[in-house]
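Following: one structure in structure tokens, then a few remarks.
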Amino acid sequence: GENVEQHPSTLSVQEGDSAVIKCTYSDSASNYFPWYKQELGKRPQLIIDIRSNVGEKKDQRIAVTLNKTAKHFSLHITETQPEDSAVYFCAASGGSYIPTFGRGTSLIVHP
Amino acid sequence: AAGVIQSPRHLIKEKRETATLKCYPIPRHDTVYWYQQGPGQDPQFLISFYEKMQSDKGSIPDRFSAQQFSDYHSELNMSSLELGDSALYFCASSLGLGLGNEQFFGPGTRLTVL
């Protein structure tokens with residue numbers, strides 16, 4: 001089955017800095033990679049996703065890059081704001097319709 | 001826009017009791033997924049249903065069962081509850097069972113087993 005590794009587990013940045021979260025996956029059949037943001041006690045919410053026929057996707061301050069050869073994908077948040085503080089999960093699916101989640105990154109943005 | 005509805009939002013049970021969690025998907029969504037999330041952990045997939053049939057099975061204990069009804073709502077039945085079952089249980093729904101079909105998560109049910 002799929003195995004998704006996510007790093008770092010905790011990321012602390014100053015407001016206005018950039019944040020980068022990296023994930024690797026094992027199943028070469030995976031071709032859909034969503035990113036979720038989860039605030040404490042709340043539901044995971046999809047913030048951006050990328051499919052394997054695309055190398056990069058951007059939505060305002062958020063971007064995701066995908067390197068299929070190396071089997072890794074990254075989330076980039078620019079100009080971070082305190083409200084970006086949350087746990088971010090990457091996921092991968094392809095061989096199965098069910099996404100395999102990474103362990104999560106706790107992002108803390110200090111004002 | 002209508003979202004996924006879960007009930008109850010909070011549930012407290014004693015060990016060895018049973019619990020039933022309900023999920024009402026977004027209208028027209030025909031696929032439902034159940035996840036369990038322990039404190040500080042990622043969501044663990046339990047089971048999913050497409051068009052009222054079980055489609056995938058994850059790490060769902062034998063003590064748990066689930067089904068999807070004709071109106072597409074789903075129920076997760078949990079018996080012989082254990083302390084370790086205390087967690088957030090999320091239901092998600094999607095339109096169709098396909099790769100890249102976005103899953104919309106419900107607000108979750110927080111189950112506490114005492």
Side-chain angles (χ1 to χ4, degrees), chain A residues 1-10 21 23 25 27-54 57 59 64 66 68 73 86-108, chain B residues 1 3-7 9-10 23-26 29-51 53-60 86-112:
Chain A
E2 177 64 275
N3 182 49
V4 176
E5 299 282 339
Q6 182 172 348
H7 300 280
S9 57
T10 305
I21 302 170
C23 290
Y25 62 98
D27 188 351
S28 56
S30 289
N31 54 10
Y32 176 63
F33 308 92
W35 285 88
Y36 291 88
K37 175 184 180 182
Q38 186 177 28
E39 297 176 5
L40 189 63
K42 302 278 184 70
R43 75 191 80 188
Q45 290 194 300
L46 181 73
I47 56 171
I48 196 167
D49 56 15
I50 192 167
R51 298 168 199 274
S52 62
N53 58 342
V54 175
K57 183 176 178 181
D59 183 4
V64 57
L66 171 65
K68 267 214 110 192
F73 56 114
V87 177
Y88 291 80
F89 291 99
C90 63
S93 60
S96 161
Y97 297 134
I98 306 303
T100 299
F101 287 85
R103 290 296 193 91
T105 296
S106 179
L107 174 63
I108 303 164
Chain B
V4 177
I5 297 171
Q6 289 188 246
S7 68
R9 296 291 310 278
H10 302 272
C23 170
Y24 298 86
I26 291 171
H29 280 195
D30 49 15
T31 309
V32 168
Y33 313 79
W34 285 98
Y35 292 89
Q36 177 192 59
Q37 187 176 31
Q41 298 183 0
D42 56 298
Q44 293 293 310
F45 170 69
L46 295 178
I47 195 167
S48 63
F49 294 88
Y50 169 64
E51 282 292 343
M53 300 286 289
Q54 181 183 307
S55 58
D56 277 281
K57 193 171 182 179
S59 53
I60 185 169
S86 296
L88 260 175
Y89 289 83
F90 288 104
C91 167
S93 75
S94 69
L95 181 60
L97 183 67
L99 192 61
N101 288 356
E102 181 180 350
Q103 295 185 19
F104 293 84
F105 282 79
T109 294
R110 182 173 295 281
L111 173 66
T112 302

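Note on naming: letters A, B, ... go to the chains in the order of the sequence lines (proteins, then strands), and numbering restarts at 1 for each one.
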Interatomic distance, A:I98 atom CD1 to B:Q103 atom CD [nearest 0.5 angstrom]: 6.0 Å
Heavy-atom cut-off 4.5 Å, strictly under: side chain, backbone, both or neither for B:Y35 against chain A? side chain
Between B:D56, B:T31, B:L88, which has the largest tally of heavy atom pairs under 4.5 Å with chain A? B:D56
Least distance between heavy atoms, A:R43 atom then B:P107 atom: NH2-CB, 3.6 Å
Below 4.5 Å, heavy-atom pairs only: which of A:S106, A:G104, A:G102 has the largest tally toward chain B? A:G102
Heavy-atom proximity to chain B below 4.5 Å, by part of A:P34: neither
A:Q38, part contacting chain B, at a heavy-atom distance under 4.5 Å: side chain
May I ask you to test the A:F101-B:Q37 pair for a side-chain heavy-atom distance under 4.5 Å? no
Applying a strict 4.5 Å limit to non-hydrogen atoms, the region of A:Y36 in contact with chain B is side chain
